[in-house]
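Take a look at the structure set out below.
Because the structure is a prediction, the values reported are computed rather than measured. The sequence lines fix the lettering, A, B, ..., with proteins before strands; numbering per chain opens at 1.
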Amino acid sequence: MDNLEIAKIFYRIANILEIKNENTFKIRAYRKASEVIENLTQNINKLYEENKIKSIPGVGKGIAEKINELIETGKLKYYEDLKKEVPESLLEIMNVAEIGPKTAALLHEKLKIDSIGKLKDAVLKHKISKLPGMGEKTEKNILKGIELLKKTNQRIPLYEAMDLAEKIVAQLEKLKEVKKVSIAGSLRRMRETIGDIDILIASGSPKKVTDKFISLQFVKEVLSKGATKSSVLTNEARQVDLRIVAEESFGAALHYFTGSKEHNIKIRELGIKKGLKINEYGIFTPLDLPAKIWQVGIKNKNYDLSQYFKNKDKKCSHIKCKLRSDDMSELSLTGFKKDKRQEKMIGGEQEKDVFDSVGLPFIPVELREDRGEIEAGLENNLPKLIAIEDIRGDLHVHSNWSDGSNTVREMAQAAKSRGYEYVCICDHSKSLVVARGVKEEDFLRRVRQIREVDKKMKGIKVLVGSEVDIDFEGRLDYPEKLLKELDIVIASVHMGLKQPRKKLTKRIINAMESGLVDIIAHPTGRLLGEREAYEIDFEEIFKTAKETGVILEINSHPKRMDLNDINARAAKEKGVKLIINTDSHNTMHLDWLKFGIAVARRAWLKEEDVVNTYPLEKFLKSLKERK
DNA sequence: GCCGTTTTCGGCCCGACTGTTTTCAGTCG
């Protein structure tokens with residue numbers, strides 16, 4: 001059982017417990033464990049062997065025992081028993097908008113609904129509106145939700161969402177009521193796929209902005225519309241959420257709306273420890289509490305503060321104070337959030353205010369996933385992330401010698417105009433016929449032609465390479481004699497993607513151990529939304545990459561983004577060198593670099609972790625040293 | 001179910017919108 005499989009089981013357990021109306025914190029514990037395991041850069045089986053399961057944050061005695069059981073037996077009795085009470089197909093209906101755990105439980109109990117098919121049937125027969133708490137509108141919304149699910153059950157790839165969001169932002173920027181506008185949510189964090197598009201606006205006239213927003217041309221349907229928050233569906237059936245706040249709250253709102261949810265929770269928990277309340281409107285502190293309250297509070301764990309508030313009416317009696325330490329650095333006020341009259345805002349115009357208030361440095365958006373960034377920040381140990389300007393060359397671009405649409409010269413010129421010091425033309429090898437792979441008889445002619453271009457080009461070094469296929473048995477697609485003519489050999493798998501994990505791993509390892517390969521391109525072969533990654537043993541791949549000095553690629557092609565963030569981070573931690581290439585097939589594709597950089601930043605990579613940040617001499621030297 | 005810079009008990013983020021209700025539960029992010 002690997003990390004993802006185990007994470008999935010805990011995720012499902014959380015959903016079942018939710019339907020069973022279990023303790024919400026227990027549910028949160030399972031959900032948290034699921035997320036942590038999914039984001040782990042180490043193989044959980046290895047942690048098991050080393051007896052380190054309990055060292056995983058969010059995993060205590062109970063969940064650790066369940067992980068052990070899963071690894072030892074491949075099964076979990078607790079989970080099997082839960083499934084008997086709540087059929088798994090019932091979890092499916094929670095994917096329908098408007099249906100959460102409570103509604104699912106109700107539908108299951110009263111109408112024996114346990115699938116989307118039966119749900120639709122019940123709607124059409126108007127059985128749902130007769131249930132308590134349900135009405136005609138709910139029934140209609142459920143039907144709409146079912147239809148919408150068919151259209152939007154897939155997350156949008158990052159590039160598609162970015163394109164749409166930028167167009168919407170451009171329209172919103174034109175409105176005179178709009179003071180500030182920003183993309184937020186997972187899109188701002190540059191996740192590889194996006195659920196819906198979040199946009200934040202600062203404005204003094206939220207109502208006017210909302211009205212204009214919902215009447216923009218791309219809007220097909222309004223899903224909800226309130227004073228400050230509205231959701232619409234685009235013509236392509238994509239959801240766009242708009243939130244409007246005052247300018248003074250823009251920073252806090254941007255932080256909150258950017259997330260991730262888990263990151264936000266941790267930040268707010270830090271706030272609580274400091275006696276602060278952090279929400280999307282700002283950072284707040286209790287107002288005008290006389291010093292003696294703190295002293296009283298120390299003696300009495302829970303103390304009714306109402307008598308000390310300005311408004312001494314009964315409505316304050318719900319405010320209780322609990323002091324956690326005598327220096328006032330940690331206290332919590334229960335009920336405080338319900339009484340806004342006593343608050344004092346101490347920040348929130350800038351996103352930085354939020355981090356300042358809890359003693360953190362500014363955390364780059366790509367890191368905000370609760371993958372250790374808060375702990376690292378508290379220790380002042382955040383990495384200085386790689387930036388797009390750090391890249392000095394693109395080592396994986398195609399020309400019209402194979403399936404690219406531009407000439408060598410045009411590709412080189414385009415790379416130069418982007419300020420690169422070097423570029424490597426890597427066309428496909430002979431076996432990849434669909435991509436017009438370069439035949440052996442053309443091989444040397446191509447090398448000579450690229451060398452010619454290099455001689456004539458000023459201001460950029462044009463290197464000769466090839467993207468060489470790894471065949472079904474792990475052999476390279478050209479003989480050694482030809483490969484030695486090249487500056488760079490990139491090896492990749494394009495065929496036999498469905499071979500078993502062991503075999504695929506061995507093929508890639510063979511290529512790395514040949515002594516002829518510099519880079520492994522798109523190591524997992526996935527195409528977002530089209531093709532799953534093929535299965536390989538990352539532990540083995542990283543180990544061999546480290547031993548042989550072969551570089552692993554982060555491919556910037558927006559459908560690939562391969563390695564992904566988690567694997568790239570794991571590779572770096574194992575001491576593997578990485579490279580960010582675009583796999584361009586025309587000059588425009590060179591702009592894809594931003595997606596590769598996004599992956600690298602989400603993987604916590606620094607400039608020195610990525611070899612194409614090196615100046616040309618150092619880059620070439622590093623290749624030679626390896627050989 | 002997890003966790004602890006006084007805690008092994010008693011906490012656990014915070015708010016908007018909708019629909020069905022006459023004050024709030026459910027859902028969502």
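- Between dG26(B) and dT20(B), the distance separating the two C1' atoms is 11 Å to the nearest Å.
- Checked options Arg191(A), Arg601(A), Arg371(A); the residue passing with Asp565(A) is Arg371(A) (criterion: salt bridge (charged side-chain N to carboxylate O under 4.0 Å, His left out)).
- Comparing the same atom, P, in dC13(B) and in dT18(B) gives a spacing of 26 Å after rounding to whole Å.
- Regarding Arg189(A), its CZ atom lies at a distance of 13 Å from the P atom of dG29(B), rounded to whole Å.
- Within 4.0 Å of Glu136(A), counting heavy atoms only, lie sugar-phosphate atoms of the nucleic acid but no base atom.
- In this structure, Leu106(A) places its CG atom 10 Å from P of dG26(B), rounding to the nearest Å.
- Look at CD1 on Ile199(A): it is 15 Å from P on dG29(B), rounded to the nearest Å.
- In this structure, Thr228(A) reaches the dC17(B) phosphate: one of its side-chain N or O atoms is under 4.0 Å from OP1 or OP2.
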Residue pair Glu375(A), Lys266(A): steps toward the side-chain contact (heavy atoms from CB on, under 4.5 Å) verdict
CA-CA 10 Å; Glu375(A) 293 78 0; Lys266(A) 271 218 172 138; 2.9 Å; yes

Stepwise side-chain contact (heavy atoms from CB on, under 4.5 Å) check, Arg243(A) with Asp198(A):
CA-CA 8 Å; Arg243(A) 186 73 190 264; Asp198(A) 297 314; over 6 Å; no

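- The side-chain contact (heavy atoms from CB on, under 4.5 Å) test with Ile19(A) is passed by exactly one of Thr103(A), Leu82(A), Leu91(A), Ile27(A): Leu91(A).
- With hydrogens and angles ignored, a donor-acceptor pair closer than 3.5 Å exists between the side chain of Tyr256(A) and the base of dG29(B).
- Look at the C1' atom in both dT7(B) and dC12(B): the space between them is 14 Å, to the nearest Å.
- Whole-Å rounding puts the Glu280(A) CD to dC28(B) P distance at 18 Å.
- Between dC28(B) and Lys229(A), no contact under 4.0 Å exists linking OP1 or OP2 to a side-chain N or O.
- Note on Lys66(A): only backbone sugar-phosphate atoms sit closer than 4.0 angstrom, heavy atoms only; bases stay farther off.
- Distance check on atom C1': dC3(B) versus dT8(B) gives 10 Å, rounded to whole Å.
- Candidate nucleotides dG15(B), dC13(B), dG29(B) were compared by shortest atom distance to the side chain of Tyr281(A), and dG15(B) ranks first.
- For Met94(A) and Gly60(A), each mapped to the nucleotide of DNA chain B holding its nearest heavy atom, the one lying further toward the 5' end belongs to Gly60(A).
- Side-chain contact check for His108(A) versus Pro87(A): some heavy-atom pair is nearer than 4.5 Å.
- Heavy atoms of Thr24(A) sit nowhere under 4.0 angstrom from any nucleic acid atom.
- Which of dT18(B), dC2(B), dC13(B) sits closest to the side chain of Ile63(A) comes down to dC2(B).
- For the residue pair Leu270(A) and Leu360(A), the shortest heavy atom distance occurs at CD1-CD1, 4.1 Å.
- Counting non-hydrogen atoms under 4.0 angstrom, Ala33(A) reaches nothing in the nucleic acid.
- Residue contacts for Lys225(A): at a heavy-atom cut-off of 4.0 Å it reaches the sugar-phosphate backbone alone, with no base atom in range.
- If you check dG1(B), dC14(B), dC17(B) against the side chain of Asn279(A), the one that comes closest is dC14(B).
- Listed pair Thr138(A) / dT18(B) fails the phosphate criterion, with no side-chain N or O lying under 4.0 Å from OP1 or OP2.
- Separating the CG atom of Leu270(A) from the P atom of dT5(B) is a distance of 12 Å, rounded to the nearest angstrom.
- Ranking dT27(B), dG15(B), dG29(B) by closeness to the Lys102(A) side chain, first place goes to dT27(B).
- For the pair Lys26(A) NZ and dC3(B) P, the computed distance is 16 Å after rounding to whole Å.
- The CD atom of Glu375(A) sits 15 Å away from the C1' atom of dG4(B) (whole-angstrom rounding).
- Looking at heavy-atom distances under 4.0 Å, Lys266(A) makes no contact with the nucleic acid at all.
- No engagement by Ser230(A) is indicated, since no non-hydrogen atom pair under 4.0 Å with the nucleic acid exists.
- Atom P of dC17(B) sits at a distance of 22 Å from the matching atom of dT21(B), rounded to the whole Å.
- Counting to the nearest Å, the P atom of dC17(B) and the CG atom of Asn141(A) are 16 Å from each other.
- Distances were taken from every side-chain heavy atom of Lys137(A) (C-beta onward) to each of dA16(B), dT20(B), dG29(B); the shortest belongs to dT20(B).
- Map Ile99(A) and Arg243(A) each onto its nearest nucleotide of DNA chain B; the residue landing nearer the 5' end is Arg243(A).
- For the OP1/OP2 pair of dG15(B) and a distance below 4.0 Å, the side-chain nitrogens and oxygens of Lys277(A) include at least one atom meeting the criterion.
- Taking the six-membered ring for Trp and thresholds of 30 and 60 degrees, Phe355(A) and Phe362(A) have ring planes more than 60 degrees apart, a perpendicular arrangement.
- Residue Asn23(A) is in base contact, counting any heavy-atom pair closer than 4.0 Å across all strands shown.
- Note on Ser224(A): every side-chain N or O is 4.0 Å or more away from OP1 and OP2 of dA16(B).
- For the C1' atom pair drawn from dT6(B) and dG10(B), the interatomic distance equals 15 Å after rounding to whole Å.
- Annotation: cation-pi geometry satisfied between Lys66(A) and Tyr78(A) (NZ/CZ under 6.0 angstrom from ring centroid, within 45° of ring axis).
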